[in-house]
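Before any comments, here is the structure.
Every heavy atom of this structure was used, including side-chain atoms; hydrogens, water molecules and symmetry mates were not. So you know, we letter chains A, B, ... as the sequences are listed, proteins then strands, and number each from 1.
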Amino acid sequence: MRDRAEIVQQLIAWFGVHARDLPWRHNDPWAVMVSEFMLQQTPVSRVLPLWQAWLERWPTPAALAAEQSSEAVRAWGRLGYPRRALRLHASATAITERHGGQVPDRLEELLALPGVGDYTAAAIASFAFGAAVPVLDTNVRRVLTRLEVAEAVPAASLTKAERARAQLYTDAAGQLAPRWAAAVMEFGALVCLARRPRCASCPVAHACAWRAAGHPLPAAAARPQSWHGSDRQCRGALLDVVRRSPGGVPTQVVLDSWHLRAQAEACLAALEADGLVHRTADTVTL
DNA sequence: AAAGCGGGGTT
DNA sequence: AACCCAGCTTT
């Protein structure tokens with residue numbers, strides 16, 4: 001019989017010893033929210049310096065909402081997925097207008113904010129407000145899949161079974177649910193690693209079905225679109241040219257920064273449609 | 001369910 | 001060169 005309460009207790013104990021001292025863990029809900037946006041598909045090490053600069057400049061949602069969204073895109077720099085900057089700015093505006101400038105604490109209200117999905121809503125509710133909700137990020141999905149399903153990698157998309165499983169652990173944690181949420185995520189990030197898990201220093205190896213099965217390898221994953229020459233690389237290159245030129249850049253300079261004219265035209269149009277750049281007669285601005 | 005969206009560090 | 005990273009939105 002699986003003793004989830006024991007696993008919860010052991011990983012919380014592990015967390016007490018090994019948790020990183022990440023700055024957003026002892027800051028206000030807005031600071032937590034900014035960190036969650038930046039951490040979407042982005043490693044902690046790259047987020048740390050930008051998060052600090054962002055909060056010094058915009059310490060509240062109202063402060064960010066008072067700026068043009070283009071300033072948010074510029075400050076986002078090369079963190080990646082710049083639409084996150086637009087969505088964070090739009091969320092700050094919504095919080096200022098609809099929530100009196102305070103980050104909401106209910107899942108339903110959080111989910112209504114642009115750029116906030118299931119994971120981010122649960123993370124803010126748990127980490128900033130102490131809500132007893134499952135927080136299912138890529139780390140937690142991997143940990144629970146290995147513990148109970150005996151597979152190295154979770155399914156491509158979140159399943160009902162995973163949600164139900166995560167809920168069992170949250171229930172088992174009781175009052176310690178927020179602590180559990182932080183602990184199991186940290187455990188996935190530091191020990192139960194995707195590539196080379198450190199099973200020798202795992203406090204719950206005794207309960208791991210994947211380990212018991214002999215660490216079967218994952219099925220070969222589908223190849224993503226190659227980066228070199230992709231629209232994503234093109235968009236990033238074009239946006240970087242615009243971002244580094246206060247006051248705007250001639251359209252021709254932007255287009256000439258990419259080696260394929262047709263692709264550059266299409267990507268610039270897409271960036272404009274996304275609201276990441278704006279075009280006047282013959283110049284491009286943020 | 002699958003595709004599109006960034007960028008950089010690690011292996 | 002492939003893999004990975006505190007995902008969200010649209011189709």
Side-chain angles (χ1 to χ4, degrees), chain A residues 15 19-20 22-25 31-51 73 76-88 90-91 110-128 133-144 152-160 162 166 178 180-190 192-197 217-243 263 266-267 270-271 273-276:
Chain A
F15 186 66
R20 292 169 292 182
L22 300 175
W24 42 83
R25 285 187 176 146
V32 172
M33 181 168 171
V34 172
S35 79
E36 293 303 338
F37 268 71
M38 291 183 172
L39 287 163
Q40 290 167 2
Q41 295 288 283
T42 308
V44 167
S45 60
R46 292 187 55 213
V47 165
L48 279 169
L50 204 59
W51 175 87
V73 173
W76 200 258
R78 300 179 62 80
L79 196 60
Y81 293 132
R83 289 190 287 201
R84 292 184 291 172
L86 285 180
R87 290 170 181 155
L88 182 53
S91 277
L110 287 164
L111 282 168
L113 297 172
V116 176
D118 285 344
Y119 162 75
T120 301
I124 294 171
S126 177
F127 302 153
V133 295
V135 182
L136 269 171
D137 78 322
T138 185
N139 290 303
V140 178
R141 294 188 63 206
R142 184 175 59 250
V143 171
L144 298 189
V153 176
S157 54
L158 193 58
T159 65
K160 287 183 179 180
E162 284 185 86
W180 157 252
V184 66
M185 190 177 306
E186 187 81 333
F187 174 73
L190 298 182
C192 198
L193 305 175
R195 205 84 80 87
R196 301 188 56 159
L217 295 172
R223 293 275 179 279
Q225 181 187 20
S226 73
W227 168 253
H228 186 72
S230 66
D231 281 355
R232 292 164 75 165
Q233 184 187 26
C234 179
R235 289 168 55 106
L238 301 186
L239 184 59
D240 196 44
V241 170
V242 179
R243 184 172 48 228
Q263 187 182 21
C267 285
L271 287 169
D274 287 343
L276 285 166

**Prompt:** What parts of residues 228-239 of chain A reach DNA chain B, counting only heavy atoms under 4.0 Å away?
**Reply:** D231(A), R232(A), R235(A), G236(A)
**Message:** Using atom C1' in both nucleotides, what's the gap between dG8(B) and dT9(C) to the nearest angstrom?
**Reply:** 24 Å
**Message:** Contact between R25(A) and F127(A) at the side-chain level, heavy atoms closer than 4.5 Å - yes or no?
**Reply:** no
**Item:** Atom C1', compared across dT11(B) and dA6(C): separation rounded to whole Å
**Value:** 22 Å
**Value in whole Å for how far the C1' atom of dA6(C) lies from CZ of R84(A)** = 11 Å
**Asked** So, the side chain of E186(A) versus the backbone of F15(A): is there a donor-acceptor pair under 3.5 Å, distance only?
**Response** no
**Prompt:** To the nearest Å, how far apart are D118(A) CG and dC8(C) P?
**Reply:** 7 Å
**Request:** Let me know the distance between CG of N139(A) and P of dC5(C), rounded to the nearest Å.
**Result:** 7 Å
**Message:** Nearest whole Å is fine: how far is dC5(C) P from L136(A) CG?
**Reply:** 15 Å
**Complete:** Atom CE of M185(A) and atom P of dC4(C) are separated, to the nearest Å, by 19 Å
**Asked** Do any N or O atoms from the side chain of Q40(A) and from the backbone of T120(A) form a donor-acceptor pair under 3.5 angstrom?
**Response** no
**Item:** Side-chain heavy-atom pair L144(A), E162(A) within 4.5 angstrom cut-off
**Value:** no
**Interface limits on DNA chain B, where chain A has a heavy atom under 4.0 Å of a nucleotide atom** = dA1(B) to dG8(B)
**Asked** Can a side chain N or O of R142(A) be found less than 4.0 Å away from OP1 or OP2 on dC5(C)?
**Response** yes
**Fill in**
The residue, S226(A) or Q40(A), whose nearest nucleotide of DNA chain C is more 5′ is S226(A)
**Asked** Do side-chain atoms of R87(A) reach the backbone of V116(A) as a donor and acceptor pair under 3.5 angstrom?
**Response** no
**Message:** Base, sugar-phosphate or nothing for D274(A)? Non-hydrogen atoms, less than 4.0 Å.
**Reply:** nothing
**Residue whose closest nucleotide on DNA chain B lies nearer the 5' end, A156(A) versus G77(A)** = A156(A)
**Item:** Rounded distance in Å - CZ (R141(A)) to P (dC8(C))
**Value:** 12 Å
**Asked** With a non-hydrogen cut-off below 4.0 angstrom, is L193(A) in contact with a base, only sugar-phosphate, or nothing?
**Response** nothing
**Asked** Any side-chain N or O of Q41(A) under 4.0 Å from OP1/OP2 of dG7(C)?
**Response** yes
**Asked** If you look at every strand shown and take non-hydrogen atoms under 4.0 Å, does V116(A) touch a base, only sugar-phosphate, or nothing?
**Response** sugar-phosphate
**Message:** Any base atoms under 4.0 Å from T42(A), or only sugar-phosphate, or nothing? Heavy atoms, all strands.
**Reply:** base
**Prompt:** If you pin R78(A) and R87(A) to their nearest nucleotides in DNA chain B, which one's is more 5'?
**Reply:** R87(A)
**Asked** Given atom OH of Y119(A) and atom P of dC8(C), what is their separation to the nearest angstrom?
**Response** 8 Å
**Separation of the C1' atoms in dT10(C) and dG7(B), to the nearest angstrom** = 22 Å
**Request:** Mind checking W24(A) for me? I need base, sugar-phosphate or nothing, with any heavy atom below 4.0 Å counting as a touch.
**Result:** base
**Request:** Looking at every strand, decide which applies to L88(A) at a 4.0 Å heavy-atom threshold: base, sugar-phosphate, or nothing.
**Result:** nothing
**Nucleotide nearest T120(A) (side chain, heavy atoms from C-beta), chosen from dG7(C), dT9(C), dA6(C)** = dG7(C)
**Asked** If you take atom types as modelled and just measure distance, does the side chain of R195(A) reach the base of dC4(C) with a donor-acceptor pair under 3.5 Å?
**Response** no
**Message:** Within the structure provided, determine whether V44(A) and W24(A) are in side-chain contact (heavy-atom separation under 4.5 Å).
**Reply:** yes
**Message:** Distance check needed: dA6(C) P versus L48(A) CG, whole Å only.
**Reply:** 12 Å
**Request:** Give A194(A) one of three labels, base, sugar-phosphate or nothing, depending on what nucleic acid heavy atoms sit under 4.0 Å from its own.
**Result:** sugar-phosphate
**Item:** Short side-chain to backbone donor-acceptor contact, S230(A) and W227(A), under 3.5 Å
**Value:** yes
**Asked** Within the side chain of R83(A), is there an N or O that forms a donor-acceptor pair under 3.5 Å with the backbone of G275(A)?
**Response** no
